[in-house]
Protein chains: 2
Amino acid sequence: MAQDKDADSQTARRPRRVTASDVAEAAAVSRAAVSRAFAKNAYLDSAKRDLILETARRLGYRPNALAASLHGTETGLVGIVAGDLGREYDAAFVGALVSGLNASGKWPLVLSGSDALTTQSIRAVLGYPLDALIVRGGSVPTAAFRDAAQLHIPVIFSGRVAEAPLADCICCRNEDGARLAIEAMLDRGRRSFGYIGGPADWSSEAERQTGVQDALREAGLALCAQQQADYTFEGGRSAARQILRDDRIDALFCANDAMALGALSTAREMPGHQVPETLSIIGFDDIPLAAWPDFNLTTIRNPIPETVSQILRLVEARLSDPTRDGEVIMIAPELVARGTH
Amino acid sequence: MAQDKDADSQTARRPRRVTASDVAEAAAVSRAAVSRAFAKNAYLDSAKRDLILETARRLGYRPNALAASLHGTETGLVGIVAGDLGREYDAAFVGALVSGLNASGKWPLVLSGSDALTTQSIRAVLGYPLDALIVRGGSVPTAAFRDAAQLHIPVIFSGRVAEAPLADCICCRNEDGARLAIEAMLDRGRRSFGYIGGPADWSSEAERQTGVQDALREAGLALCAQQQADYTFEGGRSAARQILRDDRIDALFCANDAMALGALSTAREMPGHQVPETLSIIGFDDIPLAAWPDFNLTTIRNPIPETVSQILRLVEARLSDPTRDGEVIMIAPELVARGTH
DNA sequence: ACCGGATGTGAGCACGTGTACATATACGGA
DNA sequence: TCCGTATATGTACACGTGCTCACATCCGGT
């Protein structure tokens with residue numbers, strides 16, 4: 001009866017996980033033998049190993065990966081700062097990245113939400129000894145990742161070039177991509193260009209805008225209209241409503257596909273414009289939606305499979321040699337010519 | 001020179017993370033004092049605490065969350081079996097869930113990819129002492145989660161009712177939802193119904209189909225045509241191409257929005273059908289895309305915010321009382337009347 | 001002067017695991 | 001018989017942290 005007090009007063013604690021000691025006791029072997037039964041290259045009588053594995057199965061024992069990683073070995077945990085999974089490109093990107101990590105035995109701790117929440121989450125999650133921290137694009141200030149360096153957690157930026165010597169970076173050549181889009185429109189004889197950009201605090205925004213302006217300047221032109229939106233469909237829709245009020249506009253480049261689809265949606269409602277007869281619209285990223293026949297959007301591909309496999313390579317490289325300098329990998333964008341230009 | 005061998009032969013090990021002992025030594029205090037400096041309710045001279053916190057900041061020390069959780073306290077790690085983030089509904093759902101977990105200080109280990117990969121990943125990730133495992137819908141066999149019970153890791157199924165007494169389940173009333181759709185179409189005077197379902201191994205599929213057939217039977221009708229697709233836009237497109245070959249079809253219900261959008265896309269290409277004049281199309285889920293003016297899809301809302309907040313509640317409840325019986329929570333779907341019915 | 005409580009402090013254990021170390025046995029060859 | 005090597009096994013330590021326990025100090029009130 002004395003024990004009842006302990007059992008009840010604690011509002012019913014969660015039952016303890018079965019440990020190697022429990023298995024050792026149940027199988028009447030030493031705890032070290034249990035450990036060896038699960039190790040690859042350890043001397044252990046095969047009959048004893050079978051007994052231990054069977055006992056472990058019966059009790060439901062699994063070596064605790066956390067305790068095992070205390071010795072300084074890799075934890076298998078990787079952080080991903082995922083941006084906003086409500087955005088189509090981010091969702092597709094993170095999906096591919098998560099699958100890739102899973103396939104190579106890494107377990108991603110995903111952070112998502114507002115920048116403020118994410119910044120706070122990053123601080124908290126750095127309390128775990130992560131093998132790496134992968135940052136997807138975005139607007140979270142680079143300063144938020146400074147702590148990671150002190151903790152010897154390698155940081156891999158994707159869609160942003162920052163702190164080059166300290167961290168690895170992998171990024172699409174945004175300038176080239178924007179230039180491809182402008183040139184494709186110039187080839188169609190377009191002369192009056194509009195541009196819908198993303199939020200100014202996004203690292204890619206400045207580069208895409210530079211690409212636009214350089215390409216136009218070289219053609220002896222300049223932007224006729226420009227709007228800043230929020231990378232969403234709805235944002236693209238209202239921005240385009242402003243720009244397309246001017247019927248002379250015959251080319252509209254958008255800094256991502258979601259906004260381009262919004263612009264396309266708006267253009268279809270405006271009798272003064274016909275896509276692609278009198279108006280070209282080109283987006284950026286090549287999200288799956290862009291290929292839907294209802295949109296058939298011409299866009300600049302920001303290739304996910306290639307980027308993800310480079311990230312996986314960088315994670316491995318960093319883990320096998322932590323002293324190497326940060327690498328900067330630039331990915332070449334590519335024009336995907338469809339029906340809107 | 002003797003030390004050089006160690007340093008070089010190991011192909012440059014990753015530098016050790018700064019520990020409480022390191023801080024203690026640097027600040028000339030005991031290790032216990034460092035621990036106390038980071039604890040809430042501990043007696044510690046405030047000047048000494050300041051010194052320790054400052055030293056910790058300088059050295060880049062953060063308490064190791066893994067080591068701290070060894071004592072059997074909660075780890076803060078939660079598994080999410082995410083399905084396929086390429087699917088719009090899953091992406092939106094997981095995004096909301098991840099944000100919610102982050103906001104309450106939980107860190108989701110996300111698993112995604114093919115069913116085979118996910119099944120394998122689940123086994124591996126159960127090596128970590130997770131606080132909970134959240135399973136989003138899908139086709140991963142329930143058997144894959146049996147180990148979790150043995151490990152005392154609570155499982156929360158969303159979009160599937162399974163092992164009711166052992167695990168918590170939260171699911172939309174799929175039958176009711178399908179019924180709402182059929183009734184809305186009947187109200188429009190539709191009489192010839194087609195149905196595009198999802199893969200048979202999805203738990204929700206049978207329920208939605210049952211709802212369809214019951215509602216039709218009560219109206220003295222039966223399905224005129226039926227196709228099984230894969231929950232994707234493209235799958236919906238080709239399935240609709242089969243069904244709509246018959247011009248008499250005047251109502252098409254699809255088991256999710258992606259397929260409904262595909263069907264809508266097909267219908268627009270077929271001169272024999274006009275949506276909504278001669279053909280109603282209704283989807284299921286209410287993904288953000290459905291509200292885009294280009295589609296304006298009538299659908300059945302499978303509410304994400306409500307579902308996610310219930311999941312968060314269940315996680316907390318389970319953690320504070322691990323002995324409670326599994327709960328089954330049914331969410332009421334709702335007709336979102338837009339322009340396609 | 002004395003005492004009880006509040007505050008401050010360090011030693012040391014426990015958490016669960018992998019493995020270095022020491023020791024023991026078996027075996028084959030000289 | 002002896003020795004070197006491969007196999008087998010238990011003891012004990014290390015990993016980094018939180019917390020208990022025992023002890024020291026201080027302060028206000030009787």
Side-chain angles (χ1 to χ4, degrees), chain A residues 6 10 13-52 56 59-77 126-130 151-153, chain B residues 6 10 13-52 56 59-77 126-130 151-153:
Chain A
D6 278 4
Q10 287 280 21
R13 299 274 310 147
R14 165 136 72 133
R16 234 181 69 266
R17 194 179 162 110
V18 176
T19 74
S21 299
D22 298 332
V23 176
E25 195 177 351
V29 298
S30 75
R31 201 196 43 80
V34 177
S35 204
R36 274 190 264 265
F38 285 88
K40 280 273 154 32
N41 304 317
Y43 294 126
L44 184 62
D45 184 77
S46 69
K48 188 184 265 190
R49 162 172 278 131
D50 291 346
L51 167 65
I52 291 172
L59 299 185
Y61 168 73
R62 306 279 292 273
N64 183 330
L66 256 46
S69 70
L70 259 187
H71 283 270
T73 55
E74 292 165 15
T75 57
L77 300 179
L126 284 179
Y128 297 84
L130 305 178
L151 292 162
H152 310 297
I153 296 176
Chain B
D6 279 4
Q10 288 280 20
R13 301 273 310 145
R14 165 135 71 133
R16 236 182 67 265
R17 195 178 160 109
V18 175
T19 73
S21 299
D22 298 332
V23 175
E25 194 177 349
V29 298
S30 75
R31 200 194 50 75
V34 176
S35 204
R36 274 191 265 263
F38 284 88
K40 281 274 158 25
N41 304 318
Y43 294 126
L44 184 63
D45 184 76
S46 71
K48 189 184 263 192
R49 164 172 274 132
D50 291 346
L51 167 66
I52 292 172
L59 299 186
Y61 168 73
R62 306 280 294 270
N64 183 329
L66 257 46
S69 70
L70 260 187
H71 283 270
T73 54
E74 292 165 15
T75 57
L77 299 180
L126 285 177
Y128 297 84
L130 304 178
L151 292 163
H152 310 299
I153 296 176

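The sequence lines fix the lettering, A, B, ..., with proteins before strands; numbering per chain opens at 1. Fair warning: this is a prediction, and the values are worked out from it, not measured in the lab.
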Between B:G60 and A:L151 the two heavy atoms that sit nearest each other are O-CD2, 3.4 Å
To the nearest angstrom, the OH-P distance between B:Y128 and C:dG16 comes to 18 Å
One pair to check against side chain to side chain contact (heavy atoms under 4.5 Å, CB included): B:R62 and B:R17. What are the steps and the verdict? CA-CA 9 Å; B:R62 306 280 294 270; B:R17 195 178 160 109; 3.7 Å; yes
Side-chain N or O of B:S30 versus OP1/OP2 of C:dG10: is the shortest distance under 4.0 Å? yes
To the nearest angstrom, the CG-P distance between A:N41 and D:dA8 comes to 13 Å
Item to complete: Please confirm whether any donor atom in the side chain of B:H71 sits under 3.5 Å from an acceptor in the base of D:dT17, or the reverse.
Response: yes
To the nearest angstrom, the CG-P distance between A:N64 and D:dT17 comes to 17 Å
Here the distance between atom C1' of C:dT19 and atom CG of A:L70, to the nearest Å, is 14 Å
Between CZ of B:R49 and C1' of C:dT7 the distance, given in whole Å, is 12 Å
query: Quick one: is A:S35 getting a side-chain N or O under 4.0 Å of the C:dT17 phosphate, OP1 or OP2?
result: no
D:dA8 phosphate, OP1 or OP2: any side-chain N/O from A:Y43 under 4.0 angstrom?
no
- [ ] Would you mind classifying the nucleic acid contact of A:A32 as base, sugar-phosphate or nothing, using non-hydrogen atoms under 4.0 angstrom?
- [x] base
Winner on side-chain proximity to A:R16, out of D:dG16, C:dG16, C:dT19, is C:dG16
Discussion item. Please classify the nucleic acid contact of A:R62 as base, sugar-phosphate, or nothing, using heavy-atom distances under 4.0 Å.
Written reply: sugar-phosphate
Check: D:dG10 base within 3.5 Å donor-acceptor of A:R36 side chain: yes
The answer to which of A:A28 and B:A39 contacts DNA chain D further toward the 5' end, by nearest nucleotide, is A:A28
Quick note, A:R31 side chain, CB onward, closest among C:dT19, C:dG16, C:dA14 is C:dT19
note: A:D45, atom CG; C:dT25, atom P; distance rounded to Å ~ 15 Å
Worksheet item: Under a 4.5 Å cut-off applied to non-hydrogen side-chain atoms, are B:L70 and A:L70 in contact?
Response: yes
> Would you say D:dT17 has OP1 or OP2 under 4.0 Å from some side-chain N or O of B:Y61?
Replying inline: yes
Whole-Å distance, A:L66 CG to C:dG18 P, equals 12 Å
Determine whether B:N64 and B:T19 make a side-chain contact, defined as any pair of heavy atoms from C-beta on separated by less than 4.5 Å. no
By nearest-nucleotide position on DNA chain D, the 5'-leaning member of A:K48 and B:F38 is A:K48
Report yes if the side chains of A:V23 and A:I52 come closer than 4.5 Å at any heavy-atom pair, otherwise no. yes
Atom CD of A:E74 and atom P of C:dG18 are separated, to the nearest Å, by 15 Å
